[in-house]
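The structure presented is a predicted model; accordingly, all values stated were derived computationally and were not measured. Heavy atoms only: backbone and side chains are in, while hydrogens, waters and symmetry mates are out.
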Amino acid sequence: MDFLKKILLTLMMGQLAMLSHATTFVKATDPGFAYVGRISWNTVSGAAVWTYPGVQIHAVFTGTSATMKTNADCGYFMVEVDSLAPHKVESVKGTQLTHLVSGLTPGEHRLTITYIIEGMYKKPTFYGLLLDDGCGLGARPSLPERRIEFIGNSITCGYGIEGNGKEKKFLFSKQNFYETYAARTARALGASCQVCARSGIGLYRNYAGKIPDEIMPNIYPHTFYSTTGEMWDFSRYQPDVVCVNLGCNDTSVGQYDPERLTEAFKQFTQTLRNYYPNAKIVYIIGAIPESKKSRDIRSAQQAAIDDAALRGDREVYRMDFTPEDGSLGWGSQGHPSMKRHALMAEELTAFLRQITGWD
């Protein structure tokens with residue numbers, strides 16, 4: 001008990017120290033914040049709540065330091081301030097305050113906070129920022145005109161990307177969406193990105209052959225990773241490109257049904273087109289090792305593309321990453337390494353430039 005009391009006392013002292021230097025509280029609802037991602041404003045009054053990785057909070061603030069107020073133990077974030085190197089911070093147990101940056105020169109500073117893990121069980125909640133006494137936010141920062149949405153599974157989430165291939169279980173500390181092919185591609189193209197991704201998810205069945213309600217077509221219309229509750233307003237984010245990286249879990253374990261997978265891709269293509277009438281839809285695979293499974297996924301995707309073309313929709317595409325062969329190392333539990341994600345980003349960036357004309 002004495003040890004636990006010491007930990008709590010240390011956390012409380014840390015909070016008091018931060019408060020002594022950051023006494024202006026800027027609420028999450030302040031018009032100076034700009035958000036990207038599936039965020040709910042209806043769950044907690046005056047606060048932003050989400051479950052998917054990749055959610056971003058942008059602001060321009062004055063002062064020399066910034067501290068974030070969230071729910072306790074809500075996970076990991078990447079923090080970017082001006083041209084400084086991005087750094088990772090963790091929201092810990094027992095405190096709602098997470099120190100972001102200090103020691104800056106007085107004046108205006110551009111801040112971007114990116115949520116980098118899956119938040120289904122943590123329900124990350126952003127209440128606002130604590131700034132130096134008398135400081136505040138500047139004008140709401142502009143966001144990129146280019147928009148991409150990424151729909152996927154654990155690879156898109158960055159599962160195990162900071163691992164070394166030796167981990168025996170899932171660890172939030174080894175997940176980092178910021179380093180994924182998706183986030184890297186968006187940065188390379190100067191685009192914002194919205195994410196709807198969950199480890200283990202599939203189109204007609206999830207990992208290990210499970211066919212629950214929570215497959216991607218069923219959760220996709222909702223704000224959170226759920227088949228119930230708040231519906232997402234698709235008018236809030238209309239992407240230029242939608243990249244879909246699914247199929248690995250449908251074919252993961254045991255016998256799978258290629259016909260059901262093909263039909264699922266066809267139906268999901270129509271779903272996406274109904275939500276996004278002007279977007280280019282791009283199907284990708286993995287990267288995963290070349291096998292019968294990858295060929296079946298590719299075939300199902302191509303069938304969906306051909307089906308769309310028969311309906312007059314010629315803005316559905318497919319591209320292949322270089323198949324995974326372990327030559328660039330492994331992340332946790334057979335997932336792509338950070339080096340592999342970097343290569344995937346190069347390949348996807350080049351492809352998207354080709355079909356969009358983006359420089």
Check salt bridge (charged side-chain N to carboxylate O under 4.0 Å, His left out) between [X] and all other residues, then give those that pass, not counting sequence neighbours.
X      : result
Asp240 : none
Glu230 : none
Glu263 : none

What I want to check is whether the side chains of [X] and [Y] have a donor and an acceptor closer together than 3.5 Å.
X      : Y      : value
Asn42  : Ser40  : no
Tyr178 : Glu80  : yes
Asn71  : Tyr127 : no
Thr64  : Asp132 : yes
Ser199 : Glu118 : yes

Without swapping roles, check the side chain of [X] against the backbone of [Y] for a donor-acceptor pair under 3.5 Å.
X      : Y      : result
Arg273 : Ala279 : yes
Asp313 : Ala309 : no
Gln238 : Tyr275 : yes
Arg298 : Asp320 : no
Asn245 : Ile155 : no

Only counting residues at least two apart or in another chain, list the ones meeting side-chain contact (heavy atoms from CB on, under 4.5 Å) with [X].
X      : result
Asn249 : Asn153, Tyr207
Glu162 : Lys88, Lys174, Asn176, Met338
Pro144 : Ser192
Arg353 : Leu189, Thr349

(message) Consider side-chain contact (heavy atoms from CB on, under 4.5 Å). Of Val244, Val242, Ile355, which one does Val282 pass it with?
(response) Ile355

(request) Please say whether the positively charged group of Lys69, taken as NZ for Lys or CZ for Arg, lies over the ring of Phe126, i.e. under 6.0 angstrom from the six-membered ring centre and within 45 degrees of the axis. (result) no

(request) Using the ring of Tyr283 (Phe, Tyr or Trp, six-membered ring only), decide whether Arg318 places NZ or CZ under 6.0 Å from its centre and within 45 degrees of its axis. (result) no

(request) Output all residues satisfying ring-ring contact (aromatic ring centres under 6.0 Å, His included) with Tyr159, sequence neighbours left out; order by chain, then residue number. (result) Phe170, His335

(message) Are Ser332 and Lys168 packed together at the side-chain level, in the sense that at least one heavy-atom pair is separated by less than 4.5 angstrom?
(response) no

(request) Determine the minimum heavy-atom distance between His109 and Val81, stating which atoms define it. (result) CB-CG1, 4.2 Å

(request) Could you tell me which non-hydrogen atom of Thr269 sits nearest to which non-hydrogen atom of Ala308, and how far apart they are? (result) CG2-CB, 4.3 Å

(message) Going by salt bridge (charged side-chain N to carboxylate O under 4.0 Å, His left out), name the pairs with one or both residues in residues 144-161, residues two or more places apart or in two chains.
(response) Arg146-Asp359

(request) Write out all pairs satisfying salt bridge (charged side-chain N to carboxylate O under 4.0 Å, His left out) with one or both partners inside residues 23-42, taking only residues at least two apart or from two chains. (result) none

(message) For Tyr317 and Phe351, take the angle between the two ring planes, folded into 0 to 90°, and tell me which bin it lands in: parallel under 30, tilted 30 to 60, perpendicular over 60.
(response) perpendicular

(message) I'd like to check the side-chain hydrogen bond (donor to acceptor under 3.5 Å, both in side chains) partners of Ser235; sequence neighbours left out, ordered by chain and number.
(response) Asp233

(request) Mark yes when over 12 heavy atoms from residues, nucleotides or ligands other than Gln270 sit less than 6.0 Å from its CD; otherwise mark no. (result) yes

(message) When you group the ILVMFWY residues by side-chain heavy-atom contacts below 4.5 Å and let the links chain together, are Tyr181 and Trp330 in the same group?
(response) no

(message) Applying side-chain hydrogen bond (donor to acceptor under 3.5 Å, both in side chains) as the test, list every pair that has at least one member in residues 47-62; sequence neighbours left out.
(response) Gln56-His58, Gln56-Thr114, His58-Arg110, His58-Thr112

